[in-house]
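Here the structure comes first, spelled out in structure tokens, and everything after it is commentary.
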Protein chains: 2
Amino acid sequence: MADGAKNRAAGSVLARVPKSTFRVHIADGLRAAILNGDIQPGAQVIETALAEQFGVSRGPLREAMRQLIDEGLLVAVPYTGTHVVDLSVDDVREIYSMRVTLEVFAFEHIWERRDEAFRRGLVARHDALTACIDAQDDAASIVAELQLHGFVYEATGHKLLIRTWDSIRGRLQLYWAAHHRAHGIRGPRRDGHDRYVEMALSDDFDALKAEITDHMARGGRQTEEFLRGREGPGAG
Amino acid sequence: MADGAKNRAAGSVLARVPKSTFRVHIADGLRAAILNGDIQPGAQVIETALAEQFGVSRGPLREAMRQLIDEGLLVAVPYTGTHVVDLSVDDVREIYSMRVTLEVFAFEHIWERRDEAFRRGLVARHDALTACIDAQDDAASIVAELQLHGFVYEATGHKLLIRTWDSIRGRLQLYWAAHHRAHGIRGPRRDGHDRYVEMALSDDFDALKAEITDHMARGGRQTEEFLRGREGPGAG
DNA sequence: CAATAATCGATTGTTGACAATCTGCGCTCC
DNA sequence: GGAGCGCAGATTGTCAACAATCGATTATTG
């Protein structure tokens with residue numbers, strides 16, 4: 001999306017933000033509410049109720065909901081209702097298998113262009129994640145881990161890849177948040193990312209590839225253990 | 001103009017699919033108009049004009065346009081206007097590079113499960129494509145080629161992968177259609193797909209991988225030759 | 001004549017009301 | 001007492017009017 005075309009509002013952070021439209025603001029708020037667990041997976045989302053809560057009419061709210069449907073966070077049935085997606089075991093397995101492919105693809109793109117800025121950026125985000133884990137701040141660690149991986153995608157400059165990652169990230173975050181609420185501790189273990197970053201900065205691409213595959217496999221195993229009990233909510 | 005909603009209640013019984021809503025119908029029609037070239041890349045798309053043309057109000061039309069924006073066919077600037085995307089050289093290069101990754105991933109998934117139904121389906125679609133090429137029906141060959149590749153994605157049963165392919169397919173078709181209108185002959189050469197299908201049914205995965213990479217590289221070269229002259233429309 | 005401010009047309013963003021459809025519940029009828 | 005029918009409530013789909021914003025054109029001023 002071309003949002004940086006004209007950037008003249010450099011310093012004016014006044015009450016009025018003319019470029020902003022209700023749709024994006026509401027989409028952000030609703031997305032946050034879902035990912036935060038205020039609206040739990042499977043729960044129904046009613047337009048009229050939300051519209052009143054947000055203080056807008058149904059028009060912009062509908063468009064925001066459409067966007068979240070496209071992001072895979074909501075699912076709607078015409079004339080009937082809209083619900084927060086409840087991911088099944090297969091859904092999460094798909095997410096993790098896709099992540100292996102996308103992330104290896106990302107590193108293929110930047111492998112020869114891993115300059116000092118990239119290395120520093122990656123280490124900085126790894127340090128931030130480690131700090132969150134050590135502080136046992138699960139909510140923050142979710143965001144930190146997404147930012148670590150997101151940094152890799154951004155570094156490629158591959159707009160289509162970044163767009164694809166965006167479409168997956170929401171669902172991944174939805175699952176992590178649910179996992180966190182159910183288990184208390186989520187689970188990005190420190191040593192796992194230590195190895196990941198080490199390989200990402202090494203000169204052995206095959207080793208990194210193996211590490212990514214293993215990294216996702218571990219995440220996938222956690223997933224299945226977690227979701228087994230609830231047995232096929234059948235989202236999508 | 002406003003009688004669209006009232007006409008549907010009359011007469012015909014069986015033909016009506018109750019689940020259908022204006023949004024999807026309009027999205028289909030508008031998408032077809034864009035991919036068909038009735039609305040050319042770079043052209044502005046005005047809500048009020050289209051709404052009248054489709055015989056609906058701006059509400060459903062807006063939602064259909066939002067969907068096409070998400071599919072990457074339109075790009076909108078708040079309060080200003082919406083235009084058909086005009087792909088740049090980099091955009092198309094990204095599409096082709098992404099296709100290599102996704103399609104290899106797809107074959108990884110189905111490699112051990114290529115049963116007789118898959119083989120027959122693939123050959124059937126290849127025959128259909130070949131027929132279109134021999135008949136020099138470029139428009140049909142575009143659809144046929146998309147169906148050939150789409151069949152592979154569908155065979156995986158990987159919903160997330162299929163969804164990702166869907167998000168790319170529209171832009172790919174947009175480019176192919178523009179290429180076709182400009183060059184007359186588009187370019188899915190027969191021998192290229194012969195090799196592709198042969199490898200897809202073989203037992204040599206690495207050979208298929210190489211063929212896919214080469215297949216896309218050829219498409220990419222055509223692209224650059226075609227788009228070079230127009231120099232950076234800078235869509236996105 | 002050049003630079004800046006005011007204005008106007010065009011387009012999208014937003015709203016509240018109305019219509020169509022689905023789902024669940026009670027009712028009749030056998 | 002069970003099966004089918006019809007009604008009512010709830011929810012989404014659709015519409016036409018109104019408001020906000022942008023881009024360009026024109027008027028103004030030094």
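Below, all heavy atoms of this structure are taken into account, side chains as well, without hydrogens, waters or symmetry copies.
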I'd like a table of donor-acceptor pairs (distance under 3.5 Å, sequence neighbours excluded) in which one partner is a side-chain atom from residues 36-50 of chain A, with atom names and distances.
from	atom 1	to	atom 2	distance (Å)
A/E47	OE1	A/R58	NE	2.9
A/E47	OE1	A/R58	NH2	2.9
A/E47	OE2	A/R62	NH1	3.1

Contacts of type salt bridge (charged side-chain N to carboxylate O under 4.0 Å, His left out), residue A/R125, not counting sequence neighbours: none
Which atoms form the tightest heavy-atom contact between B/I110 and B/T156, and what is the distance? CG2-CA, 3.5 Å
Among all residues two or more places apart in sequence or in another chain, which pass the ring-ring contact (aromatic ring centres under 6.0 Å, His included) test with A/H149? A/H193, A/Y196, A/H215
Here the distance between atom C1' of C/dG16 and atom CZ of A/F54, to the nearest Å, is 20 Å
N/O to N/O distances under 3.5 Å, protein versus nucleotides 8-12 of chain D:
from	atom 1	to	atom 2	distance (Å)
D/dT12	OP1	A/V45	O	3.2
D/dT12	OP2	A/E47	N	3.1
D/dT12	O3'	A/Y79	N	3.3

Sequence neighbours left out, what passes salt bridge (charged side-chain N to carboxylate O under 4.0 Å, His left out) with A/D70? Give chain and number order. none
Specify the separation, in whole Å, of atom CZ of A/R23 and atom C1' of C/dT15. 16 Å
Could you state the NE2-C1' distance from A/H25 to C/dG13, rounded to the nearest angstrom? 16 Å
Please table the atom pairs, donor to acceptor, closer than 3.5 Å between any side-chain atom in residues 25-33 of chain B and protein atoms at least two apart or in another chain.
from	atom 1	to	atom 2	distance (Å)
B/D28	OD1	B/R31	NH1	3.0
B/R31	NE	B/E71	OE1	2.9
B/R31	NH2	B/E71	OE2	2.8

Nearest-Å distance for atom pair CZ/P, residues A/F22 and C/dT14: 6 Å
Measure the distance from CG on B/L61 to C1' on D/dC15 and round it to the nearest whole Å. 13 Å
So, is A/T21 near the phosphate of C/dT12, with a side-chain N or O under 4.0 Å from OP1 or OP2? no
With a 4.0 Å cut-off on heavy atoms, is A/G59 in touch with a base, just the backbone sugar-phosphate, or nothing at all? base
